[in-house]
Amino acid sequence: GPSGSGARCCWQGFVQGENEPCVFYHHDRDVLLLLYVDDCLVDAEADQIEWIFNLLDERFKCKPADWLTKGTPVDFIGMDLSMDDERIYLDMERYINNVALPTLKMDDCKPVTSPIVEPIDDDSPELSPDERRLFMTAVGCLGWLVNTVRVDCAYAHSRVAQHMATPTKSALKSVLRVFQYLKGTANLSLSAPLYGSDVDPSSIIHHPSSASSVDDDWRFYCDTDFAGNSEVQNKRRSQNSVIAIENEAAVLWASKVSSIAFAHPDIGEAHADTSSGASEIYGAANATYDILHLSYIVDEMGLSFPKPIKLEMDNTTAEAFIKHTAFKSKLKHIDCRQEWVRVLRNKDILYPVHVDTQLNAADICTKILPVRTFLTLRDMLMTFRPCASSAST
């Protein structure tokens, strides 16, 4: 567990995370506690869970603890944890059906098969005050869903949220379409097998080989769409994405417009680059920093993290740049003395691995995809929780 000089030892031997203050880990007892305001989730052996909750009961007036069992789901800050004989699931079905759709008056909306299918029209009229409030509410609800479970809506949220300053009727139509999609897929979940060692490796999509080591349990993907968004407010900036998967479940994802002047710090603002290769390199750098941050949190949780990181990407120019094995005729505007380049080329931190574009899970967070492609990538990342209504088409 974390033991740095700055680590904060807490009550009864727990150490609070410095990179994620909601994490508390007890190394000797192997108890992981996640605390958000007054809501806590504990992962440990049953006797250790009883130990910490008995101590809490002695000092505070607490509600009885809810135990996650095959017949009893658990609500943690609005996310629903459930399990069956084979897997554990995390979904937002109750929030979608009981909060988001009623708030937006979309209880009876018609479900659709994908969250976004077309660009937002730059010439669309601006919204009335009432429509603007509806738009802001919808974007806020969607942001909560994307930040908790719904990795499949991350790109749609990023693209729509760029219109917060001057939302239009086309932008409103786009965000409401996402909730039409969510209505038909409310029980889509992040999911992981309960007993990894008992699962036939040939049946695992993300781990075709044995999942016996920490390296096999983790997958890291990055991807970039080079200047594909022509909407005025985007200024032809690239869309960067990263997805990290552990034990078949996505645990980190991001879809964001390039916001840093990578080529030279004196440029002072984000900019479109001159090649897709350069764009992919910048995207890999962004992904690396996100993954490194994740590694610090995983360490604070007392869990294992692979080193070096195998970063899967589908752009050969970016791979060659990171390996420092090719003549960079179109990349001379990049100052290779910059720290982010050194991090990319540090073989102790990461090395690039080529993945076919059709199998690059991060592609779902970079662009508007054909429905069939979107569904293929989505199903690599999410599972419909059993014993619930299937997705509508």
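Excluded from the calculations below are hydrogen atoms, water molecules and symmetry mates; all remaining heavy atoms, backbone and side chain alike, are included.
Ring geometry, F374 versus Y181: the interplanar angle exceeds 60°, so the pair is classed perpendicular (tilted spans 30 to 60°). Taking the six-membered ring for Trp and thresholds of 30 and 60 degrees, F220 and W218 have nearly parallel ring planes, at less than 30 degrees apart.
Contact check for F305 versus E246: no side-chain heavy atoms found under the 4.5 Å cut-off. Side-chain contact between Y155 and I364 is absent, with no heavy atoms from C-beta onward closer than 4.5 Å. Under the 4.5 Å side-chain criterion, counting only non-hydrogen atoms from C-beta, M164 is in contact with M136. Proximity of M92 to D80: side-chain heavy atoms (C-beta onward) are nowhere separated by under 4.5 Å.
Atom NE2 of H163 and atom OG of S174 lie 7.5 Å apart (nearest 0.5 Å).
Aromatic rings from H157 and W144 are positioned such that their centres are separated by 6.0 Å or more. Within the 6.0 Å centre-distance limit, the rings of Y282 and W340 are counted as a close aromatic pair. Annotation: F135 is not in aromatic contact with F179 [ring centroid separation under 6.0 Å not met].
Of the charged side-chain nitrogens involved, none lies within less than 4.0 Å of a carboxylate oxygen, so that K63 and D38 do not count as a salt-bridged pair. Salt-bridge annotation for D152 and R378: absent, with no side-chain N of the basic residue lying under 4.0 Å from a carboxylate O of the acidic one. With respect to the salt-bridge test (charged N to carboxylate O, under 4.0 angstrom), the residues E45 and R29 do not qualify. Salt-bridge formation is detected for the pair D85/K70: a Lys NZ or Arg NE/NH1/NH2 atom is positioned less than 4.0 Å from an Asp or Glu carboxylate oxygen.
Hydrophobic clustering (side-chain heavy atoms under 4.5 Å, transitive across Ile, Leu, Val, Met, Phe, Trp, Tyr) keeps L381 apart from I368.
Here the side chain of T103 pairs a donor or acceptor atom with the backbone of V99 at under 3.5 angstrom. Counting only distance, with no hydrogens or angles, the side chain of N97 and the backbone of K183 share no donor-acceptor pair below 3.5 Å. Judged purely by atom type and a 3.5 angstrom limit, S128 uses its side chain to pair as donor or acceptor with the backbone of E131. Looking only at distances, a side-chain donor or acceptor of E300 sits under 3.5 Å from a matching main-chain atom of E20. Distance alone, capped at 3.5 Å, places no donor-acceptor pair between the E280 side chain and the A318 backbone.
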Determine whether L127 and R133 satisfy the following criterion, side chain to side chain contact (heavy atoms under 4.5 Å, CB included), listing intermediate values before the conclusion. CA-CA 9 Å; L127 299 179; R133 282 190 288 271; over 6 Å; no
